[in-house]
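Have a look at the structure below, then the notes.
All figures in this text were calculated on a predicted structure; none of them were measured in a lab.
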Amino acid sequence: MTTMTEASVREFKMPDVGEGLTEAEILKWYVQPGDTVTDGQVVCEVETAKAAVELPIPYDGVVRDLHFPEGTTVDVGTAIISVDVGGGSAVPAAEQHAAVRPAAATPAEEPKAAGSGRQPVLVGYGVATSSTRRRPRKGPEVPVQQVSTAIQTELNGHAPVAPAAPEAAATAAPAGTERPLAKPPVRKLAKDLGVDLTTVVPTGPDGIITREDVHAAVAAAVPVVTEPQVAPAPAAVQAPASYDTARETRIPVKGVRKATAAAMVGSAFTAPHVTEFVTVDVTRTMKLVEELKADKEFTGLRVNPLLLIAKALLVAIRRNPDVNASWDEAAQEIVVKHYVNLGIAAATPRGLIVPNIKDAQAKTLPQLAESLGELVSTARDGKTSPAAMQGGTVTITNVGVFGVDTGTPILNPGESAILAVGAIKPQPWVHKGKVKPRQVTTLALSFDHRLVDGELGSKVLADVAAILEQPKRLITWA
């Protein structure tokens, strides 16, 4: 017979934190057995093939058991932590929402809403359902309207206005209206994923935004790249993080490194690459960098050559918009993007990642500097979200920071071009009819020859070089 203690234990399962991935590695536990946790509290950090992500627990209670140690790779859907919710007095947030439903709900809807098998996810396809059903609560019933009013008062600090008509509830609240209804953990999730709650369509009772609503907004905003479904290795043969033999050190390929390797192989053998090179005098650009550092508009911002190189590429794309495209194999179409999500390749302890700046073409130079600074610092801290690495249209990789002159970069999957920037260093250069030491670098542009021919690729590379040689073209070509 099931005891009260056993009935009050909730199992939190590994969610799909990366749009269809099958496993994740537990990097760090932030709680231990016996610790008290609350709904929305981060309990661990995991790494998938796309990013490191912190997982919040959807329960209030006491940690009973951690099922896996740090460093273990766990299949999605496997229970990773048990929480004693106190004999059923505390239930998952999703069930709390399900318990407060409009009076118009039909009986057929009730079993699905009341099920305790709902498993919140950070990024993915929604929640997993099960046949398990929550026991009815004892005690006097509270009117639905009274409960929903109390919840909204707690969320917003005031009683709610009358609910909108059903037709109005199906649309997102326009900017400038009353603050959207959402619990603090949902607001934190939206902030972490860069989602504006005023643009989210609420599906919770009385217009409350749920975790699933935030995930749906992310899925609608960026294209999903489906990963190959690979069966995980049996636990008995999984290798540790690294191990030594007498003459070798072997490091298992997993997480970000595994995803990067698969993506690069797929890109190299799918898109016909062409790479062109140009060596350019960037002395004037380097002088402009020093001038901008002293400009009050850039106070507190990081100004470096990459900022002006990024701006030069954005101008070149505006002058040659067909380069900002992708190849739709299924439809046999070239898809020209009227926005630029500018990817910046970043080397991190977990491997190479390419987060991107959304709508970079619409940013001013100070705004672009701020976005670049945030992108780099977030990547170095290992906090880049999966959404930040999806939807890129063109990429810059700065191999010059390693003292490398140039290279032949491989396209980021789904993109048509990538610009490699070599080391900037003094070299003898013919300037105004005389040989002088000048600041020189080599640029390399790789592009997908199915949709970018030699003329178009050459024009883009030549425009970038011309701007860096004469940065005043950032104004005259604007």
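Remark: the Thr406 side chain and the Thr442 side chain contain no N/O donor-acceptor pair separated by less than 3.5 Å. Thr38 and Asp60 form no side-chain donor-acceptor contact under 3.5 Å, judged by distance and modelled atom types alone. Side-chain atoms of Glu25 and Thr72 form no donor-acceptor pair, as typed in the model, at a separation below 3.5 Å. Judged by distance alone, the side chains of Asp196 and Thr199 never bring a donor and an acceptor atom under 3.5 Å apart.
Two residues are said to be in side-chain contact when any heavy atoms from C-beta on lie closer than 4.5 Å; Leu55 and Ile80 meet this criterion. Side-chain atoms of Leu445 and Thr275, non-hydrogen and from C-beta on, never get closer than 4.5 Å to each other. Side chains of Pro305 and Ile424 form a contact here, defined as non-hydrogen atoms less than 4.5 Å apart. The shortest distance between side-chain heavy atoms of Leu288 and Glu291 falls below 4.5 Å. Val394 is listed as a side-chain neighbour of Val340, based on a closest heavy-atom distance under 4.5 Å. In this structure, the side chains of Thr395 and Ile344 stay at 4.5 Å or more apart for every pair of heavy atoms. A heavy-atom distance below 4.5 Å is not found between the side chains of Phe298 and Lys296. Counting heavy atoms from C-beta on, the side chains of Tyr339 and Thr393 come closer than 4.5 Å.
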Per-pair distances, 0.1 Å, donor-acceptor, side chain in residues 367-374, under 3.5 Å, sequence neighbours excluded:
residue : atom : partner : partner atom : Å
Gln367  : OE1  : Thr364  : N            : 2.9
Gln367  : OE1  : Thr364  : OG1          : 3.4
Ser371  : OG   : Gln367  : O            : 3.1

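Judged by distance alone, the side chain of Asp35 and the main-chain N or O of Val31 form no donor-acceptor pair under 3.5 Å. A side-chain donor-acceptor contact under 3.5 Å links Asn356 to the backbone of Gln390. A donor-acceptor pair under 3.5 Å links the side-chain atoms of Thr285 to the main chain of Leu468, judged by distance alone. Side-chain N or O atoms of His431 include none that pairs as donor or acceptor with a backbone N or O of Lys434 at under 3.5 Å. A donor-acceptor contact shorter than 3.5 Å is absent between the side chain of Asp281 and the backbone of Trp429. One N or O on the side chain of Asn341 and one on the backbone of Gly391 form a donor-acceptor pair closer than 3.5 Å. In this structure a side-chain-to-backbone donor-acceptor pair under 3.5 Å is present from Trp29 to Phe68. Without hydrogens or angle criteria, Arg380 side chain to Leu375 main chain gives no donor-acceptor distance under 3.5 Å. Side-chain atoms of Asn304 come within 3.5 Å of backbone atoms of Leu307 as a donor-acceptor pair (strictly under, hydrogens ignored). Not one N or O on the side chain of Arg438 forms a donor-acceptor pair closer than 3.5 Å with the backbone of Gln427.
Of all non-hydrogen atoms in Ile209 and Pro202, the two that sit nearest each other are CG1-CB, 3.8 Å. The two residues Leu411 and Ser446 make their nearest non-hydrogen contact at CD2-O, 3.6 Å. Considering all non-hydrogen atoms of both residues, Asp463 and Ala316 come closest at CB-CB, 3.8 Å. The minimum heavy-atom distance linking Ile396 with Ala310 is given by the pair CD1-CA, 3.6 Å. Closest non-hydrogen pair, Ala345 versus Leu352, comes out as CB-CD1, 4.0 Å. Scanning both residues, Val37 and Val63, for their nearest heavy atoms gives CG1-CG2, 3.7 Å.
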Going through the distances and angles, do Ile334 and Asp328 end up as a side chain to side chain contact (heavy atoms under 4.5 Å, CB included)?
CA-CA 6 Å; Ile334 294 174; Asp328 188 334; over 6 Å; no
Can you check side chain to side chain contact (heavy atoms under 4.5 Å, CB included) on Leu443 and Leu461, steps first, answer last?
CA-CA 8 Å; Leu443 306 175; Leu461 185 58; 4.0 Å; yes
Audit row: Gln470, Arg284, side chain to side chain contact (heavy atoms under 4.5 Å, CB included) steps and yes/no
CA-CA 7 Å; Gln470 293 282 358; Arg284 292 185 179 89; 3.3 Å; yes
Output, in order, the C-alpha distance, side-chain angles, deciding distance and verdict of side chain to side chain donor-acceptor pair (under 3.5 Å) for Thr78 and Asp75.
CA-CA 6 Å; Thr78 303; Asp75 292 345; 4.9 Å; no
Begin with the C-alpha distance, continue with both residues' side-chain angles, and end with the deciding distance and a verdict on side chain to side chain contact (heavy atoms under 4.5 Å, CB included) for Val43 and Tyr30.
CA-CA 5 Å; Val43 295; Tyr30 295 122; 5.6 Å; no
Before giving the answer on side chain to side chain donor-acceptor pair (under 3.5 Å), spell out for Thr203 and Asp213 the whole-Å C-alpha distance, their side-chain angles and the decisive distance to 0.1 Å.
CA-CA 7 Å; Thr203 62; Asp213 297 335; 2.6 Å; yes
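Annotation for Arg302: atom CZ does not count as buried by contact number, only 12 or fewer foreign heavy atoms lying within 6.0 Å.
Note that CE of Met286 is 9.5 Å distant from OG1 of Thr441, once rounded to the nearest 0.5 Å. Rounded to the nearest 0.5 Å, atoms OH (Tyr59) and CG (Asp39) are 10.0 Å apart. Glu54 contributes atom CD, which lies 10.5 Å from atom CG of Leu27 (distance to the nearest 0.5 angstrom). A distance of 3.5 Å separates CD1 in Ile353 from OG1 in Thr384, rounded to the nearest 0.5 Å. Annotation: the span from Lys363 atom NZ to Leu314 atom CG amounts to 11.0 Å, rounded to 0.5 Å. Here CG of Leu306 is found 10.5 Å from CG of Leu313. Values are rounded to the nearest 0.5 Å.
Salt bridge annotation for Lys287-Glu290: absent, with no cationic side-chain nitrogen under 4.0 angstrom from a carboxylate oxygen. Residues Glu415 and Lys337 are not paired through a salt bridge, judged by the lack of any N-O separation under 4.0 Å between the basic side chain and the carboxylate. Lys383 and Asp381 are not joined by a salt bridge, as no carboxylate oxygen comes within less than 4.0 angstrom of a charged side-chain nitrogen. Contact check on Asp405 versus Lys425 returns a salt bridge, with a Lys/Arg side-chain nitrogen under 4.0 Å from an Asp/Glu carboxylate oxygen.
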